[in-house]
Amino acid sequence: MSYWLLKTEPSSYSIDDLLRDGKAGWSGVRNYQARNFLRDGMKKGDRALIYHSSAEPTAVVGEAEVVREGHPDPTQFDRKDDHYDPDSPADEPRWFQVELKALRKFPHPVTLAEIKAEPDLREMLLIRRGMRLSVQPVTKEQYQAIVRMAR
DNA sequence: GCCAACGTTGGC
DNA sequence: GCCAACGTTGGC
């Protein structure tokens, strides 16, 4: 089993939205490195931390489980969607998503400030300078540390 | 709203 | 292939 961190802006889709929906396609990712993780890296049963970016506070707010592995993101073909990509070939889709099942919202969000202050989490990609990747791997140890901090 | 740190595009 | 211009991300 592998562990991941997924960023989302809560103004567009929040942990509360995911809990309400139960399951959701993690759509709208338009970065090739992140796409590769969605398409090739994430496996059924993997766990993902959900992170709220551009929020107050910016924080890891809950966790989810991968219930369906990479498949084409339908929003790339939807002209009315913000993430419509007219250049993505229908027979060779450019963008992928996984389906997530909400697991829980944390009792206490683990803020970016708390993560930066924790020596054991210094290696997280999240806090590496200039690292904007919206789908990123975390180690089991990092994942478990975040979960402990969220109690 | 600002702007640093990227990633992408396109002319050459 | 180079690289300037442009667009986006995301913390502050």
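First the proteins, then the strands, lettered A, B, ... as listed; each starts at 1.
- Looking at Glu63(A) and Tyr143(A), their side chains do bring a donor and an acceptor atom within 3.5 Å of each other.
- Between the P atom of dC12(C) and the CD atom of Glu56(A) lies a distance of 10 Å, rounded to the nearest Å.
- Between Ile115(A) atom CD1 and dG11(C) atom C1' the separation is 13 Å, expressed in whole Å.
- For Leu126(A) and dG10(C), the CG to P distance is 9 Å, given to the nearest whole Å.
- Inspection of the Gln97(A) and His71(A) side chains reveals an N or O donor paired with an N or O acceptor under 3.5 Å.
- The residues Asp73(A) and Arg30(A) are annotated as salt-bridged, a charged nitrogen and a carboxylate oxygen being separated by less than 4.0 angstrom.
- Taking CG of Leu112(A) as the start and CD of Glu114(A) as the end, the distance is 10.0 Å to the nearest 0.5 Å.
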(Q) So if I define the base as every atom that isn't primed, P, OP1 or OP2, how would nucleotides 3-9 of chain C read as a B/S/- string at a heavy-atom cutoff under 4.0 Å? (A) -----BB
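- When the options Val61(A), Val147(A), Ile15(A) are evaluated for a side chain to side chain contact (heavy atoms under 4.5 Å, CB included) with Phe106(A), the one that passes is Val147(A).
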